[in-house]
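Heads up, the thing below is written out as structure tokens.
The chains referred to below are lettered A, B, ... by the order of the sequence lines, with proteins before strands, and numbering in each begins at 1. When reading the values below, keep in mind they use all heavy atoms of this one structure, side chains included, and skip hydrogens, waters and symmetry mates.
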Amino acid sequence: MLLLPPDRRILSYLVKETLVGNAPEQNAAAPDLIGCPMCDEVYAVRQPHAGERAVCDHCGTVLIATREGAGLRILALSIAVLVLVVAASFHPFLSINAAGLGNKVSLLDVATSFRSGLLVLVSVATILLIVGLPALRVAALIYVIGPIELGRPPAPRAREVFRMAQALKPWSMTEVFSIGCAVALVKVSDLARLEFGPAFWMFAALSVIVVVSDRYLCSWSIWEAIETADQRRPAPPESEPVSGSEGKHA
Amino acid sequence: MTTAREMGLVTCTSCARVWPMGHARCDRCGHALRSRDTGSLQRVWAFWFTGLLAYIPANLYPMLVTQTLTGTQSGTIVGGAIQIAHHGEWGIAAIVLIASVVIPVAKFAAIAYLALSVQRGAVHGLRHKQHLYEIVEFIGRWSMIDVFVVAILSALVQLSVIASIHPGPAALTFALSVIFTMLSARSFDTRLIWDARTAISPGPPSPSGHQ
């Protein structure tokens with residue numbers, strides 16, 4: 001069992017410890033508490049083995065889903081996505097031919113196709129949803145996971161950056177756009193002949209990679225890793241004001 | 001079965017760490033701590049109504065304006081799906097109809113149902129409601145398909161006099177509607193669903209709320 005009902009004794013101990021200040025060596029043996037963000041149920045949790053999952057048995061939310069070598073995989077896949085996003089933005093995406101007339105567009109042409117009046121807002125939204133936010137999100141994941149995987153202390157502001165990456169998840173719509181491409185192809189098929197450019201295949205590949213990479217991403221494990229990596233930091237280098245007890249062992 | 005609130009604790013919704021009640025900010029991830037998001041339902045309804053307001057013109061105005069040699073033709077969301085169906089592409093027509101009509105309407109209904117049932121303090125089917133919320137959260141973004149289709153077509157189909165496609169005003173209002181319903185769903189604090197369970201069981205544990 002990865003999750004257990006919270007033990008009152010452990011609980012009062014932890015509460016006292018966090019209120020009073022930090023006593024890392026004392027706290028080292030006590031299991032952590034984890035709360036379900038969806039239904040507020042509390043569990044005591046021990047360190048999971050690779051591959052273990054913890055599901056809230058109250059509401060069914062997956063709280064922990066560890067995978068062997070997840071960090072390294074997410075890092076590699078994120079770098080691949082970042083390269084593909086940049087390359088796909090500038091190469092020809094789709095081309096069309098009808099009665100001797102042709103047109104070739106890149107991903108950025110697609111995203112900026114709303115030009116008249118207020119529709120410019122839709123262009124801005126489209127650029128963000130299919131290029132900007134996905135790129136920002138994988139860059140943030142690389143920034144957070146990179147130093148940890150290299151055995152270094154976390155990058156400055158890693159917490160804020162990782163929280164941002166998590167918040168961006170629903171707004172990064174690469175796979176939705178891929179299905180949109182399929183629909184568009186059918187819509188013009190009777191009007192003209194379409195050809196895929198290299199960027200189309202890059203985009204299709206990156207949509208799949210994003211989905212695969214997200215299956216490896218366990219937010220709880222990354223927070224634990226950030227916290228553990230934080231303890232590698234030599235004693236006084238950061239002058240940043242960090243509130244409360246920092247040295248809590250995970 | 002103990003919630004963080006019953007134990008005098010507060011759960012961080014960002015990283016799932018538990019802190020004593022009154023702790024303002026999670027020391028691990030820096031997220032603001034709130035036992036329950038009290039303004040949650042207000043924001044849910046505000047975004048919900050804005051989304052609904054944007055959804056009405058999205059269905060009335062044209063999404064796409066197609067100019068061909070034979071004339072100008074403008075199609076609404078439903079009109080476009082019917083046109084695809086006429087070409088025999090039933091699968092694609094179904095995707096468009098589901099993404100732009102069924103999902104948005106079902107989302108409005110589902111969010112309203114969840115918010116109302118929390119306001120009434122309904123105690124039954126909590127797990128189903130949680131499940132419904134997860135579906136709404138997962139599926140909402142797929143409604144953007146139609147906006148992306150319009151973007152692709154109006155960038156690509158620019159063949160001078162033979163054919164050109166331009167976006168219509170519905171592209172903007174539909175995109176706004178999708179974004180606002182996503183914000184509405186995300187504002188919802190699901191812990192409010194489960195509070196109905198603790199509200200009825202200060203005495204003997206009631207079997208109704210469990211699992």
Side-chain angles (χ1 to χ4, degrees), chain A residues 5-6 11 15 18-19 33-42 58-60 63 94 96 98-99 101 103 105 109-111 113-114 118-119 121-122 125-126 129-130 159-160 162-163 166 170 173 176-177 179-184 186-188 190-192 219-220 223 227 243-246 248, chain B residues 1-5 7 9 11-20 23 25 27-31 80 84 87 89 92 95-96 127 130-131 137 140-142 144-149 151-160 162-163 166-167 169 171-172 175 179 182 186 190-191 193-194 211:
Chain A
L11 179 71
V15 171
T18 48
L19 282 177
L33 290 180
I34 183 172
C36 175
M38 300 302 269
C39 73
D40 213 24
E41 196 71 20
V42 176
H58 198 210
C59 73
L63 298 175
L94 287 168
I96 186 171
L101 286 167
N103 188 24
V105 294
D109 294 328
V110 172
S113 60
F114 304 92
L118 273 176
L119 286 175
L121 292 177
V122 188
T126 312
L129 296 175
I130 64 177
R159 294 144 202 270
E160 286 83 350
F162 184 57
R163 265 199 293 141
Q166 288 297 86
M173 300 198 183
V176 180
F177 185 73
I179 304 294
C181 289
V183 177
V186 174
K187 274 205 166 185
V188 287
D190 62 325
L191 201 68
S219 125
W220 185 85
W223 284 120
E227 202 172 36
S243 60
S245 57
E246 201 58 40
K248 269 185 36 51
Chain B
M1 294 295 147
T2 353
T3 65
R5 170 178 257 189
M7 299 168 86
L9 298 170
T11 305
C12 173
T13 48
S14 169
C15 76
R17 171 146 286 181
V18 175
W19 298 96
H23 216 73
R25 212 160 258 286
D27 289 350
R28 173 156 77 169
C29 72
H31 194 254
I84 296 176
H87 292 142
E89 301 282 355
I92 300 289
I95 290 181
V96 173
R127 208 164 185 172
Q130 171 78 28
H131 212 81
E137 265 253 90
R141 41 211 293 282
W142 287 94
M144 281 306 268
I145 282 185
D146 227 30
V147 177
F148 293 151
V149 170
I152 295 166
L153 292 181
S154 37
L156 195 60
V157 186
Q158 297 296 339
L159 304 169
S160 70
I162 296 179
H166 300 284
L172 174 64
I179 289 170
M182 279 177 74
R186 296 191 66 74
T190 48
R191 294 176 295 193
I193 296 177
W194 296 95
Q211 260 113 80

(Q) Under the rule for side-chain hydrogen bond (donor to acceptor under 3.5 Å, both in side chains), what residues qualify as partners of A:Asn103, not counting sequence neighbours? (A) none
Q) Can you say whether A:Leu63 sits under 4.5 Å from chain B via the side chain, the backbone, both, or neither, judging by heavy atoms? A) neither
Q: Of all the heavy-atom pairs spanning A:Leu119 and B:Ala171, show the shortest one and how long it is.
A: CD2-CB, 4.3 Å
Q) Going through the distances and angles, do A:Leu121 and B:Leu172 end up as a side-chain contact (heavy atoms from CB on, under 4.5 Å)? A) CA-CA 7 Å; A:Leu121 292 177; B:Leu172 174 64; 4.0 Å; yes
(Q) Nearest 0.5 Å, please: how far is CE in B:Met144 from CD1 in A:Ile179? (A) 15.0 Å
Q. Rounded to the nearest 0.5 Å, how far apart are CG of A:Leu33 and OG1 of B:Thr11?
A. 9.5 Å
Q. Side-chain contact, heavy-atom cut-off 4.5 Å: A:Cys181 with B:Ile152?
A. yes
**Q.** Nearest heavy atoms of A:Trp223 and B:Ser14, plus distance in Å
**A.** NE1-O, 3.6 Å
Q.
Would B:Arg191 and A:Glu41 count as a salt bridge (Lys or Arg N to Asp or Glu O under 4.0 Å) here? Give the steps.
A. CA-CA 9 Å; B:Arg191 294 176 295 193; A:Glu41 196 71 20; over 6 Å; no
Q.
Within this structure, what is the CD-CG distance for the pair B:Gln158 and A:Asp109, rounded to the nearest 0.5 Å?
A. 10.5 Å
Q: Kindly indicate whether the side chain of B:Phe148, heavy atoms from C-beta on, has any atom under 4.5 Å from the side chain of A:Val183.
A: no
**Q.** A:Arg163 (side chain) donor-acceptor with B:Gly30 (main chain) under 3.5 angstrom
**A.** yes
(Q) Between B:Val96 and chain A, with a heavy-atom cut-off of 4.5 Å, which part of the residue counts as in contact: side chain, backbone, both or neither? (A) side chain
Q: Could you tell me which portion of B:Ile92 (side chain, backbone, both or neither) has an atom closer than 4.5 angstrom to a non-hydrogen atom of chain A?
A: side chain
Q. Should A:Val42 and B:Thr3 count as side-chain neighbours, where that means a heavy-atom distance under 4.5 Å?
A. no
**Q.** Sub-4.5 Å side-chain heavy-atom contact between A:Ile34 and B:Arg17
**A.** no
Q) So what's closer than 4.5 Å to chain A heavy atoms on B:Ile193: side chain, backbone, both or neither? A) neither
Q: Evaluate the side-chain proximity of B:Ile145 to A:Phe177: yes if any heavy-atom separation is below 4.5 Å, no if none is.
A: no
**Q.** Choice from B:Pro167, B:Gly140, B:Pro169, B:Ala16 maximising heavy atom contacts with chain A below 4.5 Å
**A.** B:Ala16
Q. Roughly how far, to the nearest 0.5 Å, is the CD1 atom of A:Ile96 from the CG atom of B:Leu156?
A. 4.5 Å
Q | Set of side-chain contact (heavy atoms from CB on, under 4.5 Å) partners for B:Gln130, sequence neighbours left out | A | A:Met38, A:Cys59, A:Thr61, B:Glu134, B:Thr190, B:Trp194
(Q) Ignoring hydrogens, what is the shortest heavy-atom contact between B:Cys29 and A:Arg159? Give both atom names and the distance. (A) O-CB, 3.8 Å
